[in-house]
Amino acid sequence: MSESNQHIEVGVVGLGLMGCSIVTCLLMAGHRVVAIAPISADMDHALGRIKAHFIKSREQGLVNEPPEYYFENLLITEDYTALKNCRLVIECTIENEEIKKSVYGKIEAVIADDALMASNTSAIPISVLQRLSKRPERFFGLHWAEPSHTTRFLEVICGELSDIGKGEFLYDLSHSWGKEPTLVRKDIRGFITNRLMYATYREAFFLVENGYATVEDVDRACRNNAGYWMTLVGVFRWMDLTGVPAYHNVIKDLFPTLSNSTEMPKLIDDIVKAGGRGVGNAHGFYSYTEEEAKLWEETFTEFSYEIRKLALKYPVDVVKKKMAALNGKELV
Ligand SMILES: NC(=O)c1ccc[n+]([C@@H]2O[C@H](COP(=O)([O-])OP(=O)(O)OC[C@H]3O[C@@H](n4cnc5c(N)ncnc54)[C@H](O)[C@@H]3O)[C@@H](O)[C@H]2O)c1
């Protein structure tokens with residue numbers, strides 16, 4: 001827990017799935033956190049969810065103290081005026097521009113002029129969202145991955161009107177949250193990770209809908225190829241590791257055959273129109289009994305702690321660290 005973060009009070013508005021794990025991460029990093037519940041359901045569920053994260057994290061050795069120790073730094077309230085001393089407020093409400101806009105008005109009515117604001121939006125461009133606020137230059141995207149207190153992923157996104165210096169401050173600060181962040185200096189829809197992943201999803205739909213493979217086959221290929229190396233390296237290092245000319249060769253003939261469809265795939269459209277949400281309601285690309293769906297959720301939680309341990313052994317600069325150790329110098 002960082003001592004210096006104690007002096008940086010952070011607000012989180014919206015205490016659903018992600019809001020609760022972001023609050024957990026910030027408390028673990030030593031911040032005082034003001035957690036705003038915009039709907040009454042958040043008041044009923046947030047504390048229990050955050051507590052469950054801390055209990056599991058203590059079992060897994062991420063934290064040493066019981067939840068109550070961290071809760072000394074936490075205020076959960078429906079009252080936006082509690083945000084007044086926050087240096088940073090992260091909005092984490094549902095993906096709806098109108099709702100986000102109304103939340104920004106309430107936040108800006110109480111925070112200091114030089115406090116920063118951020119959204120955890122998955123896909124709304126930051127250049128669009130920042131124009132819904134009064135001071136767009138202090139507005140950023142902070143895009144987390146669930147569960148935020150175990151993953152090292154974070155995108156810090158500058159919109160067209162953001163002050164890049166303030167973005168660099170967030171980028172630096174987020175290292176103390178256990179992140180290996182990416183600074184997206186120029187806003188683009190989907191940022192980095194969703195552009196990469198949605199290109200993959202599009203191709204996956206193409207393969208299944210055109211009869212080349214089943215959902216199970218596509219998933220198996222993802223898990224056992226990309227899933228095998230992606231915790232260690234990204235795509236560019238992977239090409240370096242496995243020989244760049246081979247990729248150069250394949251690109252010529254393969255790129256023209258990849259899907260570039262802009263249509264909604266029928267496979268997902270049918271599921272969503274029938275009310276399917278995935279394991280959340282046991283109705284997705286696979287069929288589940290209620291019990292299996294619950295077990296998948298539990299298995300994902302268990303796995304996220306396991307993979308974290310492996311990821312921590314292989315930080316982005318792992319080879320630099322090894323070189324420094326070989327040369328008898330510690331990397332700072
Ligand atoms: N779930 C993910 O894996 C994930 C990943 C990255 C980013 N995000 C983004 O994070 C944000 C929140 O997603 P989530 O998964 O936590 O959603 P969620 O459905 O679990 O929670 C949504 C929250 O929005 C707020 N909300 C709902 N109705 C509201 C209203 N009428 N007025 C004000 N606030 C209201 C509530 O606090 C609610 O708990 C979204 O922008 C989403 O795109 C989600």
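As the structure lists them, so they are numbered: ligands from 1, and atoms in each ligand from 1. What's counted below: heavy atoms across the whole structure, side chains too, no hydrogens, waters or symmetry copies.
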Query raised in the report: Who's the nearest protein heavy-atom neighbour of atom 3 (O) of ligand 1, and how far?
Result: Glu146 CB, 3.9 Å

Report task. Measure the shortest side-chain to side-chain distance between Lys106 and Pro38 over non-hydrogen atoms and say whether it is less than 4.5 angstrom. Result -> no

Query raised in the report: Do any non-hydrogen protein atoms sit less than 4.0 Å from atom 17 (O) of ligand 1?
Result: no

Query - ligand 1 to Leu15 polar contact by distance, N or O atoms, under 3.5 Å - result: yes

Requested in this report: Please check if the side chain of Asp317 supplies one atom and the backbone of Lys320 the other of a donor-acceptor pair under 3.5 Å.
Outcome: no

Query - Nearest atoms (heavy-atom pairs only) where Asp42 meets Ala37 - result: CB-CB, 3.5 Å

Requested in this report: Specify whether the nearest protein heavy atom to atom 13 (O) of ligand 1 is under 4.0 angstrom away.
Outcome: no

Query raised in the report: Considering only protein heavy atoms, which is closest to atom 8 (N) of ligand 1, and at what distance to one decimal place?
Result: Ser122 OG, 3.2 Å

Report summary line: Counting from 1 in the order shown, the ligand 1 atoms closer than 4.0 Å to a non-hydrogen atom of Trp144 are 5 (C), 6 (C)

Query raised in the report: So which heavy atom on His149 is nearest to which on Leu62, and how close?
Result: O-CD2, 3.7 Å

Query raised in the report: Can you list the ligand 1 atoms lying under 4.0 Å from a non-hydrogen atom of His143?
Result: 6 (C), 7 (C)

Query raised in the report: In terms of residue, atom name and distance, what is the protein heavy atom nearest to atom 36 (C) of ligand 1?
Result: Asp42 OD2, 3.3 Å

Query raised in the report: Salt bridge between Glu290 and Lys294, side-chain N to carboxylate O under 4.0 Å?
Result: no

Query raised in the report: Under 3.5 Å, N or O to N or O, is Ile99 touching ligand 1 that way?
Result: no

Requested in this report: Just need the protein heavy atom nearest to atom 44 (C) of ligand 1, so name the residue and atom and give the distance.
Outcome: Met18 SD, 3.4 Å

**Report entry** Glu95, any N or O under 3.5 Å of ligand 1 N or O
**Finding:** yes

Query - Under-4.0 Å salt bridge between Glu137 and Lys166 - result: no

Report summary line: Counting heavy atoms under 4.0 Å, the part of His45 that contacts ligand 1 is neither

Query raised in the report: What residue and heavy atom of the protein are closest to atom 34 (N) of ligand 1, and at what distance?
Result: Pro38 CB, 3.4 Å

Query raised in the report: Is Glu91 salt-bridged to Lys100, going by a charged N under 4.0 Å from an acidic O?
Result: yes

**Report entry** Thr121 neighbourhood, listing ligand 1 atoms whose heavy-atom distance to it stays under 4.0 Å
**Finding:** 41 (O)

Query raised in the report: Which atoms from ligand 1 have a heavy atom of Gly14 less than 4.0 Å away?
Result: 37 (O)

**Report entry** Top protein contact for atom 9 (C) of ligand 1, by heavy-atom distance
**Finding:** Asn120 O, 3.1 Å

Requested in this report: Could you tell me whether Leu17 and ligand 1 have an N or O pair separated by under 3.5 Å?
Outcome: yes

Requested in this report: Say whether Glu91, considering both its backbone and side-chain N or O atoms, lies within less than 3.5 Å of an N or O atom on ligand 1.
Outcome: no

Query raised in the report: When you check the gap from the basic side-chain N to the acidic O, do Glu302 and Lys56 get nearer than 4.0 Å?
Result: no

**Report entry** Closest protein heavy atom (residue, atom, distance) for atom 35 (C) of ligand 1
**Finding:** Ile39 CG2, 3.9 Å

Query raised in the report: So, for Tyr198 and Tyr201, is the gap between ring centers shorter than 6.0 Å?
Result: yes

Query raised in the report: Counting only N and O atoms by type, is there a donor-acceptor contact under 3.5 Å from the side chain of Thr151 to the main-chain atoms of Ala145?
Result: yes

Query raised in the report: Does an N or O from Thr93, backbone or side chain, lie closer than 3.5 Å to an N or O of ligand 1?
Result: yes

**Report entry** ring pair (Phe, Tyr, Trp, His ring centres under 6.0 Å) partner of Trp177, the single match among Tyr171, Trp144, Phe153
**Finding:** Trp144

Query raised in the report: Judging by distance only, is a nitrogen or oxygen of Lys100 under 3.5 angstrom from one on ligand 1?
Result: yes

**Report entry** Closest approach of any protein heavy atom to atom 19 (O) of ligand 1, naming residue and atom
**Finding:** Ile94 CG2, 3.9 Å

Requested in this report: Look at Lys266 together with Asp269 and state whether they make a salt bridge at an N to O cut-off of under 4.0 Å.
Outcome: no

Requested in this report: State, with a plain yes or no, whether a side-chain heavy atom of His143 is found less than 4.5 Å away from one of Thr121.
Outcome: no

